[in-house]
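Shown next, in structure tokens, is the structure this report addresses.
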Amino acid sequence: MQRKIRWGIVGLGKIAQHFANDLKLVEDAVLAAVASRSEAKAKEFAHKNGAAHHFADYETLFKSDEVDVVYIATPHTFHKTVAIKAMESGKHVLCEKPLGIHRIEVEELLKVAKENKVFLMEALWSRFNPTIKKALGLVENGTIGKLKYINADFGFYAMDRPLDSRLFNLDLAGGTLLDIGIYPVFLSYLMMGKPKDIAAFSNFNEQGTEVQTSVIFKYDGGQAILNSSFANETRMNAELAGTDGSIFLHPRWHESQGYTIKTLTGIKEVNLPTEGRGYTYEIVEVHKCIKKGQLESNLWSHQNSLDLISLLDAIRNKTGVRFPFES
């Protein structure tokens, strides 16, 4: 019997807990170790989730013989440093989105992965969501004709939170774009590829953190209108409209549980509930790749991560989103 793939988790926040919950649903996975700068937090997380080992620093986990692959769920600004240390210790890595703050960081991460011959994937869990995968298939096989228009938003009200919270902290690359705006940009890229031109506008709070961004992607014969916001709650659904019909991803679309399709033959609602919260699908993809000896996923490749961060960089250049640590 083949042994289970042993996971380590660093960055033990809310997302890490969701991930740990779903890890239990994957038959050939086991949470072997967790790490936090706080030993008490690591011990509590390990006890709650059945991890055999807990560490008060990341480096000890990376050097542990008990871990095969590391899930990184730290704030954005630590992704590059933490992932590089893990990969240089010979660990495979699944790193939360965005993989890096900008393209230069992502390029460096891919270089280190290649040099150390380890698997690396950006944890863009929506790529593996059954509804989104099905919608992509319907677009690709022409069920709704030629795709002409995408509308996707991601917004929730957060303006009552402290200015030093993770969402607004510029030293942690705060703002909507890298945190939630990445999802609408991803959807447009997945369905229609890289745009020919980009228009983008942002609003900022009193300390200069971007809190609302609207983007238009121009394609040959098509457009995408995308929005992210901490200033207001949005519908959180997505529309893919073609010459022969439309697909509506049910809210919250980035973790959708189904879709409605409208074509010349009528309207059909399809329910596709996820297993657990929905992280299981990216976990299964990581396992599949590791077992096959692949160093990247065919579904969300290194090039896909490069393309996505390049689009986010372009939007930032258009809107003037900058962080203090950038020259």
Mind checking whether [X] and [Y] sit in one hydrophobic cluster, side chains of I, L, V, M, F, W, Y counted as touching below 4.5 Å?
X	Y	value
L306	V118	yes
L295	M87	no
F248	L147	no
V30	F45	no
L299	F119	yes

Compute whether any side-chain donor of one residue and acceptor of the other, for [X] and [Y], lie under 3.5 angstrom apart.
X	Y	result
S36	S38	no
H250	N237	no
E66	S64	no
S301	N304	yes
E96	Y71	yes
D57	T60	yes

Whether the side chain of [X] engages the backbone of [Y] through a donor-acceptor N/O pair (distance < 3.5 Å, no angle test) should be reported.
X	Y	value
E269	I267	no
N203	Q212	no
Y219	K194	no
S165	P162	yes
N116	V112	yes
Q294	E296	yes
H54	E44	no
K262	I144	no
S89	K85	yes

With side chain to side chain contact (heavy atoms under 4.5 Å, CB included) as the criterion, how do F217 and I150 come out once you've worked through the C-alpha distance, each side chain's angles and the decisive distance to 0.1 Å? CA-CA 9 Å; F217 281 175; I150 293 177; over 6 Å; no

If we only count heavy atoms from C-beta on, is the [X] to [Y] side-chain gap below 4.5 Å?
X	Y	result
S202	V321	yes
P324	D171	yes
M121	V93	no
D68	R3	yes
I198	K218	no
E210	T319	no
P130	T274	yes
K148	T243	yes

Pair [X] + [Y]: basic N to acidic O under 4.0 Å:
X	Y	answer
K291	D28	yes
E326	R316	yes
R252	E255	yes
E115	K111	yes
D22	R277	no
D307	R103	no
R37	E59	yes

Any residue meeting side-chain hydrogen bond (donor to acceptor under 3.5 Å, both in side chains) with Y259, in chain and number order, not counting sequence neighbours: none

Least distance between heavy atoms, [X] atom then [Y] atom:
X	Y	answer
L226	P184	CD2-O, 3.6 Å
G155	T234	N-OG1, 2.9 Å
A56	E39	CB-CB, 3.7 Å
S297	C289	CA-SG, 3.7 Å
I315	A200	CG2-CB, 4.0 Å
I247	A135	CD1-O, 4.0 Å

Strictly by side chain to side chain donor-acceptor pair (under 3.5 Å), give each pair with a member in residues 117-131 just once, sequence neighbours left out. E122-W300, E122-S305, W125-Y183

Do L120 and L110 pass the side chain to side chain contact (heavy atoms under 4.5 Å, CB included) test, and can you show the C-alpha distance, the side-chain angles, and the key distance before you say yes or no? CA-CA 8 Å; L120 171 66; L110 301 185; 3.8 Å; yes

Please step through side chain to side chain contact (heavy atoms under 4.5 Å, CB included) for the pair L61 and V10, ending with a clear verdict. CA-CA 9 Å; L61 185 150; V10 301; 4.2 Å; yes

Measure up the Y58 and F62 rings against each other and bin them: parallel (under 30°), tilted (30 to 60°), perpendicular (over 60°). tilted

Going through the checks in order, is the side chain to side chain contact (heavy atoms under 4.5 Å, CB included) test met by L187 and L249? CA-CA 11 Å; L187 184 67; L249 306 182; 4.3 Å; yes

Does the separation of the ring centres of Y279 and F128 fall below 6.0 angstrom? no

Do the numbers put R235 on top of the ring of F154, so that NZ or CZ is under 6.0 Å from the six-membered ring centre and no more than 45° off the axis? no

Within a reach of under 6.0 Å around CD of E233, are more than 12 heavy atoms found that belong to other residues, nucleotides or ligands? no

Using the rule ring pair (Phe, Tyr, Trp, His ring centres under 6.0 Å), only one of F204, F168, Y157 pairs with F230; which is it? F168

Taking only residues two or more places apart in sequence, or in another chain, which ones meet A173 in a side-chain contact (heavy atoms from CB on, under 4.5 Å)? H76, T77, I101, L178, F323, F325

